[in-house]
Amino acid sequence: MKLIPCPLNGPRPVGEFACLGPAKPMPADDAAPEAWADFAYAEDNPAGPILEWWLHVPSGTMFVAERDTVTDTMIRTLWPADFRAAGGRP
Amino acid sequence: MVFALLRYGLGRRHTPFRVLPPTPATLKPSYDVVVIGGGGHGLATAYYLAKDHGITNVAVLERGWLAGGNTARNTAIIRSNYLTPEGVAFYDESVRLYRRLSNDLGINTMVSERGHLTLAHTDAAMRTMRWRAEVNKSLKVDSEVVGPDEIARLCPELDLSRDKRYPILGALYHAPGSIARHDAVAWGYAMGASQRGVEIHQGTEVQSLEIENGRITGVVTNRGRIACGRVVQAVAGRSSEVARMAGLTLPIRTVPLQACVSEPVKPVLDPIIVSGSLHVYISQSARGEFVMGGATDPYALYSSRSTFEFKEVLMADMLELFPFLGHARVLRQWAGMADMTPDFSPVMGLTPVQNYFIDSGWGTWGFKATPVCGLTMAQTIATGTPHPLIEGFRLDRFSRFAQLGERGAASVGH
Ligand SMILES: Cc1cc2nc3c(=O)[nH]c(=O)nc-3n(C[C@H](O)[C@H](O)[C@H](O)COP(=O)(O)OP(=O)(O)OC[C@H]3O[C@@H](n4cnc5c(N)ncnc54)[C@H](O)[C@@H]3O)c2cc1C
């Protein structure tokens with residue numbers, strides 16, 4: 001069974017998690033519609049490391065994880081506050 | 001056809017013939033059209049370029065072996081009971097092309113019309129079925145909502161008892177729903193294309209694209225550089241990676257989709273059965289194997305590994321529908337990389353790069369579209385204007401907030 005490292009609960013079965021998609025900086029509130037469309041739909045979709053939002057569903061723990069999409073391994077996890085403090089680009 | 005078959009059957013001498021054309025020893029310095037990706041879509045595009053538009057100085061470049069990508073990995077369901085008028089018209093043209101494909105290509109594609117039942121277990125699902133049936137009927141597609149009695153007649157093997165977690169309330173019935181022999185579809189197009197002069201280069205990976213003044217001028221491969229008139233990408237699970245070489249970012253996320261088959265048994269299951277709420281689907285192949293699949297994996301990945309979690313969830317729900325499957329053993333398992341778009345419609349046609357065309361975003365639903373993709377992409381490339389059937393699938397629909405939502409018509413919830 002695949003285990004995902006939750007920063008609060010330690011390694012837990014993958015079925016307890018929801019991947020919420022790429023973590024990227026949000027446009028400003030008054031940004032042009034194109035910028036919002038880009039934020040909502042366009043994806044880098046890299047073959048390699050990616051930053052994503054993850055949720056540990058039973059405990060409601062949100063975190064950011066860096067993951068390799070080729071080797072299917074977690075590189076590290078970050079708390080949202082640390083992710084934001086780094087301007088969304090740690 | 002019938003007489004030719006009879007003559008062939010009664011004949012005594014059968015010389016073996018080669019279905020797949022050999023890879024030419026070298027690439028030419030230049031081609032009018034370079035097709036990146038030798039799956040069903042790329043091969044069909046090359047075929048119609050040659051057949052309908054007389055463009056034969058064409059190279060199909062395939063990094064692996066012919067049609068070894070998702071064309072070889074899909075569960076071969078063909079149907080047109082979609083949700084948007086654009087989707088229905090497009091897929092229905094493909095269903096029509098599939099009906100005569102064996103004759104057109106001179107190879108047995110084994111298209112088998114089984115009927116397709118999408119089961120509904122909730123009131124919300126019933127409402128979506130009614131919506132789809134009305135859209136389908138208004139576009140002359142054979143599609144209707146049926147109740148449990150009719151389901152029992154069409155598929156007596158289904159467990160229709162009410163005393164379970166998700167009793168079956170009704171279904172969307174689509175009589176033209178079919179399955180086919182996916183390899184033969186690709187081989188047929190490869191054969192037809194190469195007979196008309198198209199070169200098919202296996203083991204040839206596109207590694208970068210040279211761009212000058214908004215045009216692709218060269219295609220760099222592991223077997224050398226070639227100059228090109230026009231270039232089209234049809235690379236399914238690698239759409240984002242290849243588009244990046246042309247400087248494009250796509251609304252696509254690559255997620256594995258897994259499937260498996262059981263050991264073969266005698267024919268018992270005629271229609272194709274799908275349950276959107278339970279996230280499973282099943283059909284029985286001509287070989288007798290139950291072909292089973294479910295939802296995409298829970299996160300993005302460039303890998304075709306199989307997982308235990310997939311089978312555990314799939315089987316739990318499959319046994320709700322067909323308890324007798326508890327006796328069947330799994331024979332093979334595999335996965336393919338599905339390029340998912342936010343609205344579950346493809347991304348096709350022109351790009352901001354003048355001579356670069358795209359056929360992508362085929363997610364979990366592109367095998368059924370193989371013939372119509374070839375037909376429409378060939379015309380789009382030959383004329384430089386999008387074929388009317390694919391106008392709605394344009395790349396810039398996302399920045400114009402003009403999506404074509406087909407999520408409700410995906411075979412299984414994702
Ligand atoms: C498990 C599974 C079940 C499915 N079930 C169904 C179904 O029931 N019905 C349905 O309609 N659809 C289904 N699909 C979707 C369907 O398989 C695909 O949408 C369709 O096969 C895509 O065809 P293609 O020719 O575009 O892609 P492919 O057959 O994947 O061909 C693309 C080719 O491009 C090549 N390539 C990639 N990068 C490069 C490069 N840089 N240079 C050269 N070549 C390159 C690849 O090697 C590959 O052979 C399923 C998919 C999966 C994974």
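The structure presented is a predicted model; accordingly, all values stated were derived computationally and were not measured. Here is how names work: the chains are called A, B, and so on, in the same order as the sequence lines, proteins then strands, and each is numbered from 1.
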(message) I'd like to check A/Phe17 versus B/Tyr299 (side-chain heavy atoms, cut-off strictly below 4.5 Å). Are they in contact?
(response) no

(request) Return the minimal non-hydrogen interatomic distance between A/Glu52 and B/Ala300, and the atom names on each side. (result) OE2-CB, 4.5 Å

(request) Return the minimal non-hydrogen interatomic distance between B/Ser399 and A/Ala37, and the atom names on each side. (result) CA-CB, 3.9 Å

(message) Does A/Val14 form a side-chain contact (heavy atoms from CB on, under 4.5 Å) with B/Glu309? I'd like the steps, not just the answer.
(response) CA-CA 9 Å; A/Val14 63; B/Glu309 287 82 9; 3.8 Å; yes

(request) Side chain from CB out, backbone as N, CA, C, O: work out which of these in B/Arg400 comes under 4.5 Å of a heavy atom of chain A, or both, or neither. (result) neither

(message) Nearest 0.5 Å, please: how far is CD in A/Glu34 from CZ in B/Phe401?
(response) 7.5 Å

(request) Measure distances from A/Pro13 to the heavy atoms of chain B and classify the residue's part below 4.5 Å as side chain, backbone, both or neither. (result) neither

(message) Could you report the tightest heavy-atom contact between A/Ala47 and B/Arg238, atom names first, then the distance?
(response) CB-NH2, 4.3 Å

(message) Looking at B/Trp65, I'd like to know if its CH2 atom is crowded, meaning that more than 12 non-hydrogen atoms belonging to other residues, nucleotides or ligands lie closer than 6.0 Å.
(response) no

(request) Go through the atoms of B/Ile252 and report whether side chain, backbone, both or neither lie under 4.5 Å from a heavy atom of chain A. (result) both

(request) Please collect all side chain to side chain donor-acceptor pair (under 3.5 Å) contacts where either partner lies in residues 35-45 of chain A, sequence neighbours excluded, each pair once. (result) A/Tyr41-B/Gln403, A/Glu43-B/Arg253, A/Asn45-B/Ser240, A/Asn45-B/Thr254, A/Asn45-B/Tyr302

(message) For B/Thr249 versus A/Ala42, what's the shortest heavy-atom pair and its separation?
(response) CG2-CB, 4.2 Å

